[in-house]
Amino acid sequence: MVIEENLLYSMGASTKTYAAGDTIFVEGDWPMFYYQIIKGEVKLNNYNEDGKETIQIIIEDGQSIGESLLFMEKFYPMNAVAITECEVIKLPRKAFISLLREDAEISYKMNKCLSQRLYFKLIMTQNLSSQNPMLKLIALMDYLKSFAKDQQQYSFKIPLTRKQMAGLTGLCVETTIRTIKGMERASILKIEDRKIMY
DNA sequence: TCATTAAAGTTAT
DNA sequence: ATAACTTTAATGA
């Protein structure tokens with residue numbers, strides 16, 4: 001968890017519930033709140049001219065949503081959409097800023113969280129620029145697995161649908177599936193009950 | 001080679 | 001039941 005929930009409430013935060021598929025904010029909105037997920041999953045995405053979705057990142061319990069925009073005078077460059085039903089705490093921007101000004105510990109945690117996001121972007125852009133679909137998928141899976149306790153081969157179950165993996169790598173679903181099949185043949189991963197074990 | 005289109009099978013709500 | 005996701009196959013850039 002980035003910021004203690006009680007602390008957020010004491011600063012005037014409120015809770016909002018979103019159903020799966022609900023929009024939290026859209027591209028072009030002005031950032032007014034700090035959002036932190038209590039429960040559920042949220043994706044940050046964009047749509048290109050053809051309507052193809054690119055997922056920037058998937059965020060889960062305890063993480064904040066689009067926090068980097070609160071430090072700038074910019075509109076949101078992406079949408080935030082609930083993947084599952086979500087409970088989200090929202091704190092007005094000004095209260096969030098003063099909280100960071102007052103509390104060095106919170107400020108440090110925020111830096112840590114921002115660095116995490118930056119790192120993810122760095123790893124992903126580096127590998128996504130490769131046009132090889134297998135390398136893209138490996139980059140994604142390596143990143144996801146890097147947080148797992150068990151680093152043994154085939155011990156990590158990829159918590160994404162193939163469609164989501166396609167959205168995160170910029171590949172189409174079919175290529176994602178075919179590439180994954182090929183990787184299974186090459187023993188890079190295993191498929192158990194349709195789930196990818198890496 | 002990968003994206004796109006289409007069609008059919010499978011799972012989740 | 002219906003929508004969402006997965007898979008296979010054919011075709012095109």
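Letters go in sequence order (proteins before strands), and every chain restarts at 1.
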Protein-nucleotide distance (A:E85, atom CD; B:dT13, atom P), rounded to Å: 12 Å
A:K181 side-chain N/O to C:dT6 phosphate OP1/OP2 under 4.0 Å: no
Integer-rounded Å distance: C:dC5 C1' and A:I180 CD1: 13 Å
Whole angstrom value for the distance that separates C1' of B:dT11 from CD1 of A:I191: 16 Å
Under-4.0 Å side-chain N/O to phosphate OP1/OP2 contact, A:R178 with C:dT8: no
A:T161 vs C:dC5: side-chain N/O to OP1/OP2 distance below 4.0 Å: no
Donor-acceptor pair, side chain of A:K121 and main chain of A:Q56, under 3.5 angstrom: yes
Ring geometry between A:F96 and A:F71 (parallel below 30°, tilted from 30 to 60°, perpendicular above 60°): perpendicular
A:K163 NZ - C:dT7 C1' separation (whole Å): 15 Å
Donor-acceptor pair between A:K190 and A:Q153 side chains, under 3.5 angstrom: no
Shortest side-chain distance from A:E174, nucleotide among C:dT6, B:dA3, C:dT8: C:dT8
Between P of C:dA4 and CZ of A:R194, the distance in whole Å: 17 Å
Under 3.5 Å donor-acceptor, A:Y9 side chain and A:I89 backbone: no
Electrostatic pair A:E73-A:R93, nearest N-O below 4.0 angstrom: yes
Length of the CD1-C1' vector between A:I177 and B:dT11, whole Å: 14 Å
Length of the CG-P vector between A:L171 and B:dT1, whole Å: 14 Å
The helix from B:dT1-C:dA13 to B:dT13-C:dA1: angle between end helix axes, five pairs per end, rounded to 10 degrees: 20°
Separation of C:dA4 C1' from A:I83 CD1 (nearest whole Å): 14 Å
Sequence neighbours excluded - salt bridge (Lys or Arg N to Asp or Glu O under 4.0 Å) pairs with any residue from residues 150-165 of chain A: none
Sole residue of A:N45, A:N46, A:V26 in side chain to side chain contact (heavy atoms under 4.5 Å, CB included) with A:M78: A:N46
